[in-house]
Every structure is written in structure tokens, then in C-alpha cells.
There are 2 protein chains.
Amino acid sequence: MAVEFTKDIFSEVKSHIEDNDYGRAADVLKHLHPYDIAEVIEDLEDMAIPMLFEFFDAELSAEILAEMDNDDAMKVIKNMKPDLAYKKFFVQMDSDDAADIINQLSVDDRKTFTDYLKVNLGEEALNIISLLKYDEDVAGGLMAKELVRVNVNWDVKACINEIRRQADDVETIYAVYVVDDSGKLMGLVPLSKLIVSKSTAKISEFYHDDLTSVEDTTPGDKVAEIMQKYDLVALPVVDFRGRLIGRITIDDVLDFIKEEADEDYQLASGLSENVEYTDKVWVLSRARLPWLFLGLLGGIAGSEVIGLYEGDLKFHPEMAIFIPLIAAMGGNAGVQSSAIVVQSLAAKSINEKGLFTKLGKEFRVSVLNGILCSVAILAYGFVMIDSLNLSFTVSAALLTVIVMASVLGAFIPLVLSKLKVDPALATGPFITTTNDLLGLGIYFLVGRLMYSIDFTAIF
Amino acid sequence: MAVEFTKDIFSEVKSHIEDNDYGRAADVLKHLHPYDIAEVIEDLEDMAIPMLFEFFDAELSAEILAEMDNDDAMKVIKNMKPDLAYKKFFVQMDSDDAADIINQLSVDDRKTFTDYLKVNLGEEALNIISLLKYDEDVAGGLMAKELVRVNVNWDVKACINEIRRQADDVETIYAVYVVDDSGKLMGLVPLSKLIVSKSTAKISEFYHDDLTSVEDTTPGDKVAEIMQKYDLVALPVVDFRGRLIGRITIDDVLDFIKEEADEDYQLASGLSENVEYTDKVWVLSRARLPWLFLGLLGGIAGSEVIGLYEGDLKFHPEMAIFIPLIAAMGGNAGVQSSAIVVQSLAAKSINEKGLFTKLGKEFRVSVLNGILCSVAILAYGFVMIDSLNLSFTVSAALLTVIVMASVLGAFIPLVLSKLKVDPALATGPFITTTNDLLGLGIYFLVGRLMYSIDFTAIF
């Protein structure tokens, strides 16, 4: 079994590196999984990284590099001569991983690399070049060229010979893909089927023709959706003529799915970039400033709204006391309803009901919650607030704010989605800020109404 | 290729069902992927569902049921006689899917089913029973019993015979697992290796012994982490003696990963349950009420804080104008820093730095952002606000609030994580509410200080 990566091992490696004893550090690391080695290397000083790689053979080096973040991996190769980088890393890597890293380089560095690859016409070099043209978030950018392809006219024996020939290049084989003479994808044969078939059996007689495939231009989120829906571990990719050109494996899509989920969470939390705690201070600062400034603008707009009602505040200064409550409740209710809509849109059920049906439902939910909250605050008011006018103002404003903020919170992501904009943009600071303003306006308007009533005469 | 699921097909099925013509509806559905059929069935009236299943054979019925949400699937079988349900669905299903559904039943119904399974001693029944004892979020609850197991002393030919024997039961075979005479897991052989080996070769000579496995009690999030880290499509599960008892496939973990990400998002958005837009009004209402009431309590506490400074507000009523700005900025800054910590904790890098190092970094980031925001609001104040005292109050309070809210926002999830509580609980309404209160207190304290200074004498 591979050695488990413990804190002790980490300290041991660390101390070897501090002593500049890269050989011993590498000896310890070699027994770990490449993923764990990559984790360690990403934390090292830039200087130390090439020194350490000296001690790894080409196969392990390639595995480590493939596990590193693309921008860290780019740093490793950007100062290397193309021929060295090619022999040390790219020959042994899956073509998609190599292309991802080269795509991170600056325009000049990328050209140096691709020029070298074009001259060095190995099969791997051609595979990498053909992938460089794709965006990283379409099927072509997610696929690897390595796969086992068999002709529909072959027999089982020929298939097995082909697998034997390619077993070194293709890391994980779940199935062999069946193509016709023109390279068009016809179907697949699972390995388990191949293994139990007679060696003289014809592929054409037992291959599965009901397979799912995507074109190279299919967006990544669609790819992820298909693979999740149909529980696929590998998905073949075809060109516009239906010819088999690559294969996407589940591990590449897993990263994609996680990134998508993380992005929604970041938008909801007011982060504009994908940042980690280990990033530099100014990177962390930059990711947060846009939403902070938006909040600032919202706060200034809020001050203008209150300014409009300064007269009311002068007559009823006790109204100030519940400003934060109204603003916060509008924000909370709005974010909740946005989030439910965003998640339901992501789950994509095909039987979409109309916009008004959805908003109608949100209206009913929010009226129910609004009434419960406003009754609660009214009860509190009767006991704790001297002014009946204020109690009724807060209670009535709260109901109105919860209903309007909720309906608005549902409406905005639904509209964004119709406009093909990411509905998750609606959640977080955006909806909170909008609803703060809405809440303040409602509060003071309701206040004017409620303070015009003589409740003491009624009760 | 399987027929693609379009809106046209959906309407066709719908109209057949409205005509009570279940046979024709089933004829159309049969050509779809079981996942899509499940989607359609989940939207039908409870009455119609058993009628439709009459027209599907046992294999397809089992596939559809396995694709349905567990609670919807439970509704399908809860009124069926155990023997019928067993023959129609469970015999054909993977043991883990069957156990998940039976676990959803009420205590009485579950007993009826397990009693029946115990009497009907087929291999599948035993497999299901052995899984019922596990929680759904540990390795034992995620695994299926179906896998291909070979003895380390066998040769390739014996392996292939075993695969042939089990090919019908085990849906997806990526590798065969190698055990010793006592059933202890020794390693695995990828199918691609088996296929290219001579039939007389001994398994003991070429099996991989460096495989990763988990115990049945391993938590689901740990399972998901391992499979993602090491790019595994299947992970063997062993008991406390190291004996092979099951296998987790990536599709089961994918759902788990998605649910985890969704849960974080829901916590950040103030939802206490996993709800969808299609759920009933009162379910949607119930999921939101806890956080709304928390917000209400926070708002009331906020009103108490302001109440403490009612005297200040009477002297300087213009201070009320910036209450929403201060409260909102505290909330935003806090949520941002919580979210970064929560995501970094989820990514789990092993080289944890100390608590104070992390808080120190958050302090630097927030001081930078706080200064930028407070300079911006000061500039606005010079132009737009008459009172210098108010301008300096808002500016100084803003800096203090951003720094304190950010540090608190980082501190709470770090502490929760140390206490083994889900740190995502800290994000969303909880941190927003806390920071609202913090912000108000700071604002009025700073106000007292700033209004004691005669700025007109200075400038």
C-alpha cells in the first residue's frame, strides 16, 4: 500500500529541505502518492522545486506535475528548455494535462513550446498540439486523446492485441471504442465483455451501440451534467463529423463540478475570485473589494433614503431603533429565496412551469413566513415597546419587507437565467444590498401611515 | 443510441397519462435512459406510478427505482407486498440502492420487509440485510456488496471464469479484487492487465498490492476526499479484520460530494433543510423560518443596542442615517472572511499553520480593505455630509467594523472546526447577525469619541 501522508512525514521532508538535502527529501517523498507529493511541492520556495524534481524519474515527475494546480505547474516548466520539459514531463503525461499546463504559459513561452512540439513530431506532441486550440471549459478542453480504438470489423483477438499495444499509454481503460473505417464512433465494448468472449468472436456481433457521446464544442457544464445523470466514468468525444477524437474521464469532470459548486458559494459570500487562504494578502484583498464597494454604495444609497425621511425621524426618533432589524430581515428573506431558485435552476428539471407560477408560490411561502415573523414582533412590541404606533409600524413593515424581498429574491435569478446570465450572481451582497434599500423605503412609508393612526383610541 | 429526452417526448407521455393510457406512456418511456424515466415518474400523481410500473419488466423497473430520489422510491414500494416488491425491484438492484430505499421506510414497514428478506435466503437478500445496519453517510452505507473477488492463488483462467460467473450481477467491473484464503484484501488486478496476460499466469505474480481501501466505518466525507485525491472510480471496503466486504463506486460518491457542496451553500444562504422549488409551501416555509427567527432575535438585540445610545441619537439624529451602512458592511466583510476559511478548511491542506498566523493574515487583509473603504467614505463625507463629526465617525467606525468583523468571521469557523462542528454553520445569517450587533456597538462608541472632538477647530 502507498505510504499514508502524515504530519510526521511532512516535518521530515521539510527539515531535509531546510538542510538543502533534496536527495533525502525526494527519497521520503517517492513513497507517497503523487497527489501528496504535489501538495508538498506547491508549498516550497520557487527555487527549491526544480532541485527536487532532479531526483524524480520522468514517470513520477509527470504524475506529480499532473496533480499540481495548473498555475503552479506552469511555474515549474516556464524556465525550462522546451526539449528538457518535454522529455522530463510531457512525453509521460496524458495529453489533456500537458495541454492545460502549456495553455497557462505567457504567449511567448507558449509559442516557444508549440514550435518545439511541432518539430518533434511524436504522437504525444501531435496530441498535445491538437488540444491547445480548445477552451478549457468545453469538451475538447476536458478530453484526453489517449484511448483504445478498435475497428468494427475486427475480432476479439485483434482487440486484445490493440489493448496490449496501447496499455502503456492509456492510464485507465474501462472500455474500448468501436469505430468504422472512416473513424466514425459506432459504439463501445466494456472490458468485462471482451474478457469473457471467444477470441474469434466478431466485434460487430456484440458491441453496444447505445452509447452517449458529446461533440468537442459541448460546454463543460453540459458534459458534467451528462456524466452525472448517466453515471458514466468515461465519455467519448466526437468531432462535427461524428469521428472519435478523444475521451473525457470522470476525474477531470469531478474537478469541474467542484469548481462550479465553489463558484456559486463564492458569489453567495461576496467573493469575486477563486481565492484560498494561502494566497497573498493583496490577492485576498482584491477578491473582496468589489463587493465591499458595492455594499458601500448601497449603504450610501440607504443613507439617502433615510435622509428623505429625516423629518419623520426627528418627530419619531424611536423609529431609528428598528432600522437594522428591517434591513437585516429583508436581506435574509431575499437571500433565502434566491438560493432556492438558484439551486433548483442548477438541478434543471425539464418540466418548467411559468414564471408567474413560480413567483406565485414564492408569494405564498413568504406571506406565511412574513405573518409568523410579524406576529412575533408585534407580541414583543406589546410587552416591550411603549409606542403602539412603533409596534404596528415594525410589524406591518416586516410583513411587507419579507414578502417583497422574497418575491424579488426569486424574480432576479429567474430573469438572469432567462437572459443566460449566471443566476448565482443574484445571491449574496447584490440581493442583500437591494433589499436593504427596499426595506428602508417600506419601513418609513409604513411609518408615515401608522403614525397617522391613533391606536390608543382603538385599543 | 438512447433516445434523447426532449420537451416533445415529455408532453407526449403526459398526454397519454392524462388519457389513463399507461401502456402507451410506458412504450414511449421505455426508449429513454432510466434516469430520465425516473424524472418523469417523480412528477406523476401517486396513483399513476404503480399503474405505469406494471408495463416495465423487472430489470428496467429496478433501474428506474435506483435512479429515483430515495423518498420517492420509498413511496413506490411502501404499499407493495414484500414478495412482489422483492421480485419486481430488489432482486435486480445493486444491494446498496435497495438498502437505501428500505432504510427510508417507517419502522413497521421496514420490519415487514426485512422479515421477508430473512426468510427468502437468496444471496441478494443477505447482501441487502447486511447493509441495512449502516448509517447512510459512512463507507458501509455507501458501498455495494457486488464485486468480483478472486483468490491470490488462482491463475488468470480461473479469474476469467469468475468474471463470467458474476458478469450479470456486477454492473460495472473496473478491476478484480484479490483476497487470501481468509478473505483478507491483498490487492487488485485491473481488467486491462488481466486481458493482456496469459491464461496460465498466476495472480500472485502480477497483482497490484499498493491499493487504497477504507474500513466500513470510515465517514463519507473522508471516502469522498480519498476518491477525489487519488482519482479512483472504485474503492474497496474492508471490515475491522481487513476482510473485503464491499466496493464504493464513484457515482455514489458524486452524489455525496454534490450534497455536501449544496449543504454549505444552503447554510450560507440561511436554509436549514435541503429544499427544492417543487417542494410544498409549508416545507419551504419550515426550511427558512429558523434563520428568519434568528434574524429577528438579532434585530431585537440590535434595537436594544441602539436603545442604549438613545441619548446620543437625540443629540445627533443624523447618526441614524448611516446605521444601515455600518451594519451591512460588517455583515459583508464577516461573510467574506468566513467563506474563505470554510473553503480552505474543506480543501484541507495538511501543513496547517497556527491559529494566530491565520488570524494575523486576516487582520492584514481586513486592515487594507478597511482603510480603502474608510478613505472612500471620508471623501464622500467631505463632499456630501455637512457634519465633520459625522464623517469622521462613519469613517473610523467603518474601518474598525471591517477589521473586527473580518477577524471574527475567520475566527468562528476555525474554532468550530477545532471543536469538530461543521464550520459552514458560521457563514450566512449567523455571522451576519453577530456582525450587525458588533457594528452597531462600535458605531455608537466611535460616535461618542468623535463628537467629543471639535473638528472645525482643527481644519
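Atom set for the values below is all heavy atoms of this structure, side chains included, hydrogens, waters and symmetry mates excluded. Sequence lines set the chain letters: A, B, ... in the order given, protein chains first and strands last, and positions in each chain run from 1.
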Most heavy-atom pairs under 4.5 angstrom with chain B, which of [options]?
| options | result |
| --- | --- |
| A:T249, A:I300, A:L194 | A:I300 |
| A:E362, A:M227, A:R364, A:E318 | A:E362 |
| A:D251, A:I402, A:V305, A:I195 | A:I195 |
| A:S285, A:A339, A:G299 | A:S285 |
| A:I326, A:L296, A:N161 | A:L296 |
| A:T432, A:L372, A:L313 | A:L372 |

Under 4.5 Å from any heavy atom of chain B - which part of [X]:
| X | answer |
| --- | --- |
| A:L254 | side chain |
| A:Q336 | both |
| A:V281 | both |
| A:S374 | neither |
| A:Y309 | neither |
| A:L437 | neither |
| A:E67 | side chain |
| A:A301 | neither |

Closest non-hydrogen atom pair, A:F293 against B:A376: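 In this case the closest contact between A:F293 and B:A376 is CE2-CB, 3.9 Å.
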Side-chain donor/acceptor of A:H33 to backbone N/O of A:Y35, under 3.5 Å: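 Yes; judged by distance alone, with no hydrogens or angles, the pair exists.
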N/O donor-acceptor pair under 3.5 Å between A:S338 side chain and A:A410 backbone: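 Not confirmed, A:S338 side chain does not pair with A:A410 backbone.
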Working to the nearest 0.5 angstrom, can you tell me the gap between [X] [atom1] and [Y] [atom2]?
| X | Y | atom1 | atom2 | value |
| --- | --- | --- | --- | --- |
| B:T212 | B:K229 | OG1 | NZ | 10.0 Å |
| A:K361 | B:K280 | NZ | NZ | 8.5 Å |
| B:M329 | B:S406 | CE | OG | 9.5 Å |

Answer with side chain, backbone, both or neither: which region of [X] has an atom nearer than 4.5 Å to a non-hydrogen atom of chain A?
| X | result |
| --- | --- |
| B:S337 | both |
| B:L368 | side chain |
| B:V233 | side chain |
| B:I323 | side chain |
| B:L232 | neither |

Could you have a look at [options] and say which one has the most heavy-atom pairs with chain A under 4.5 angstrom?
| options | value |
| --- | --- |
| B:I340, B:L440, B:V176, B:N332 | B:I340 |
| B:V196, B:I306, B:V148 | B:V196 |
| B:I321, B:L289, B:L325, B:L191 | B:I321 |
| B:L284, B:L292, B:I163, B:D436 | B:L292 |
| B:N369, B:V341, B:V394 | B:N369 |
| B:S303, B:G187, B:C159, B:G298 | B:S303 |

Derivation and outcome, side chain to side chain contact (heavy atoms under 4.5 Å, CB included), residues A:I385 and A:F322: CA-CA 11 Å; A:I385 306 176; A:F322 287 100; 3.5 Å; yes
Side-chain heavy-atom pair [X], [Y] within 4.5 angstrom cut-off:
| X | Y | value |
| --- | --- | --- |
| B:L271 | B:W291 | no |
| A:E310 | B:P317 | no |
| B:L185 | B:L211 | yes |

Heavy-atom neighbours of A:Y380 OH exceed 12 at 6.0 Å: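 Above 12, so yes.
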Worked verdict on B:D36 versus B:F10 for side chain to side chain contact (heavy atoms under 4.5 Å, CB included): CA-CA 10 Å; B:D36 294 324; B:F10 182 69; over 6 Å; no
